[in-house]
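Before any comments, here is the structure.
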Amino acid sequence: MEALAGYVRLPDPPLGMGAALTNLGYAQISRGDLDSAEGFFRRSVDVRRRVAGENHPALATSLEALSDVLIRQRAFVAADSAVTEALGIFQRVLPEGHYRIAGLLTQRGRSLRGQGRPAEAEPLFREALAMRIAAFGDGHFIVAAARNNLALALEAQGRDADAEPLFRAALDGYRRHFGDEHVNPAFVEQNLARLLLRTGARAEAEARFAHAIPIARAAFPASRATLGDVVSLGLLRCERRPTEALGALRDAVDELRPAEGGPAPDDYLRALNTLGNCLAQHGQSAEARRVLTTSLEASAGRVHDDPSRTFARQLLERLPPPRR
């Protein structure tokens with residue numbers, strides 16, 4: 001902040017002011033303040049555009065940072081605009097195949113995937129993967145990251161058989177570099193576990209969720225994606241380890257519950273329905289009825305045949321009548 005204050009006092013901002021603003025933006029990301037980070041990155045873009053011009057790598061760096069925080073905020077269209085401009089600059093000023101270009105291809109792929117356009121993202125991820133293998137070698141952790149991104153794009157297209165070996169290779173690559181207990185391989189293991197659950201490999205999915213979730217929760221305790229995986233693990237453990245499953249599912253419901261008066265998100269309704277189903281399986285009908293009624297009340301604004309409402313309604317109908 002002191003460096004920025006010194007720059008602000010100058011009549012014409014130097015290029016270094018853009019770097020100071022970018023660094024402050026990343027500091028805000030580390031604190032979880034994405035709105036403040038976006039503000040610093042936008043100021044950095046403005047300064048570097050005025051001082052360095054439209055084709056300077058410094059401007060591309062600020063645009064790349066801006067696109068990153070916009071992706072984190074799920075503002076995918078705005079992120080795509082920023083990263084496309086940055087990519088054009090780097091492609092004009094850097095040698096073909098430069099690793100910075102690979103980074104921006106990946107960033108643009110993420111913005112397209114976030115917009116629901118995974119087929120358009122796929123060739124960008126493939127190009128970035130090839131460039132990173134050429135630059136760093138097949139065993140580098142950044143190559144593992146590229147494989148994970150490509151796998152996510154394939155999975156989003158329903159191509160699980162193509163995605164699975166890429167997730168496994170990415171997990172192996174991350175583990176070789178970071179070890180077995182680091183959050184980076186844990187995130188990839190969660191991705192693999194979700195695919196395995198969907199494709200019916202329930203035993204391996206359970207084992208992988210059980211290993212990855214505690215690592216991910218320790219690093220990012222408020223992650224809704226990981227809370228969704230807690231629900232999946234509860235689903236898998238309900239039959240054989242019901243006490244453990246029910247405790248975890250109750251905790252997930254509490255953590256996913258929306259603010260008073262706010263709309264009920266899908267992950268909260270899924271947690272309620274999974275808890276209600278597990279309670280019903282183990283004869284705890286009274287609590288199951290309360291949980292499933294809560295699910296229907298929370299989703300009251302949705303259409304009648306919404307899947308979460310249909311599931312809760314059908315399960316309620318199958319419960320034995322309450323005791324008088």
- [ ] Evaluate side-chain contact (heavy atoms from CB on, under 4.5 Å) for Leu63 paired with Val83, printing each intermediate quantity in order.
- [x] CA-CA 6 Å; Leu63 287 163; Val83 74; over 6 Å; no

Open item on the list: Are the side chains of Leu152 and Phe167 in contact, using a 4.5 Å heavy-atom criterion?
Closed with: yes

TODO: Locate the shortest heavy-atom distance separating Arg270 from Gly228; write the atom from each residue and the value.
DONE: NH1-O, 3.0 Å

Open item on the list: Distance check, rounded to the nearest 0.5 Å: Arg48 atom CZ versus Thr61 atom OG1?
Closed with: 6.0 Å

- [ ] On the 0 to 90° scale, with breaks at 30° and 60°, tag the Phe41-Tyr26 ring pair as parallel, tilted or perpendicular.
- [x] perpendicular

Open item on the list: So which atom in Phe125 and which in Arg110 form the shortest heavy-atom distance, rounded to 0.1 Å?
Closed with: CZ-N, 3.5 Å

Open item on the list: Please check this pair: side chain of Arg208 against backbone of Asn191, looking for a donor-acceptor N/O pair closer than 3.5 Å.
Closed with: no

Open item on the list: Checking Glu239 against Gln281: is there a side-chain donor and acceptor pair closer than 3.5 Å?
Closed with: no

Task: Pairs involving residues 209-221, ordered by first then second residue, that meet side chain to side chain donor-acceptor pair (under 3.5 Å) (sequence neighbours left out) - done: Asp180-His211, Glu181-His211, Glu189-His211, Arg217-Glu255

Task: Euclidean distance, Glu204 CD relative to Leu197 CG, rounded to 0.5 Å - done: 11.5 Å

- [ ] May I ask you to check whether Thr22 and Ser44 show a side-chain donor-acceptor distance below 3.5 Å?
- [x] yes

- [ ] I would like to know whether Arg43 and Leu24 meet side-chain contact (heavy atoms from CB on, under 4.5 Å); could you show each step before the answer?
- [x] CA-CA 11 Å; Arg43 289 173 65 190; Leu24 285 168; over 6 Å; no

Open item on the list: Less than 3.5 Å apart, any donor N or O on the side chain of Gln28 or Asp35 sitting next to an acceptor on the other?
Closed with: no

- [ ] Output yes when a side-chain donor or acceptor of Thr274 lies under 3.5 Å from a complementary backbone atom of Ala271, and no otherwise.
- [x] no

Task: CA sep, side-chain torsions, deciding dist, call: Met131, Arg100, side-chain contact (heavy atoms from CB on, under 4.5 Å) - done: CA-CA 10 Å; Met131 291 168 68; Arg100 293 295 302 276; over 6 Å; no

Task: Asn149 (side chain) donor-acceptor with Ala145 (main chain) under 3.5 angstrom - done: yes

TODO: Look at the rings of Phe178 and His182 and say which category their plane angle falls in: under 30° parallel, 30 to 60° tilted, over 60° perpendicular.
DONE: parallel

Open item on the list: Checking side-chain polar atoms at under 3.5 Å, does Arg194 have a donor or acceptor matched by the opposite partner on Ser232?
Closed with: no

Task: Residue pair Pro265 / Tyr268, side-chain heavy-atom distance below 4.5 Å - done: yes

TODO: Could you go through the side chain to side chain donor-acceptor pair (under 3.5 Å) check for Glu64 and Gln107 one step at a time?
DONE: CA-CA 8 Å; Glu64 181 179 19; Gln107 196 88 312; 5.2 Å; no

TODO: Kindly say whether Leu196 contributes a backbone atom to a donor-acceptor pair with the side chain of Thr199 at under 3.5 angstrom?
DONE: yes

Task: Residue pair Asp80 / Arg117: nearest heavy atoms and the distance that separates them - done: OD2-NH1, 4.1 Å

Task: Side-chain touch Arg42/Leu66, heavy atoms, less than 4.5 angstrom - done: yes

TODO: Following the transitive rule for hydrophobic clusters with a side-chain heavy-atom cut-off under 4.5 Å over Ile, Leu, Val, Met, Phe, Trp and Tyr, establish whether Val188 and Phe141 coincide in one cluster.
DONE: yes

- [ ] Might you point out which heavy atoms bring Gln115 and Val77 nearest each other, and give the distance in Å?
- [x] OE1-CG2, 3.7 Å

TODO: Please tell me if the side chains of Leu246 and Gln284 come closer than 4.5 Å, counting only heavy atoms from C-beta onward.
DONE: yes

Task: Any donor-acceptor N/O pair, Glu85 side chain to Ser81 backbone, under 3.5 Å - done: no

- [ ] Establish, yes or no, whether a centroid distance under 6.0 Å links the rings of Phe220 and Phe187.
- [x] yes

Open item on the list: Pair Asn277, Phe311 - check side-chain contact (heavy atoms from CB on, under 4.5 Å), show working.
Closed with: CA-CA 9 Å; Asn277 189 33; Phe311 182 91; 4.1 Å; yes

Task: Smallest separation among heavy atoms of Cys278 and Ala245, with atom names - done: SG-CB, 4.5 Å

TODO: Heavy atoms only: give me the nearest Pro123-Ala119 pair and the separation to one decimal.
DONE: CD-O, 3.2 Å

- [ ] Classify the side-chain pair Ser295/Asn273 by whether it contains a donor and acceptor separated by less than 3.5 Å.
- [x] yes

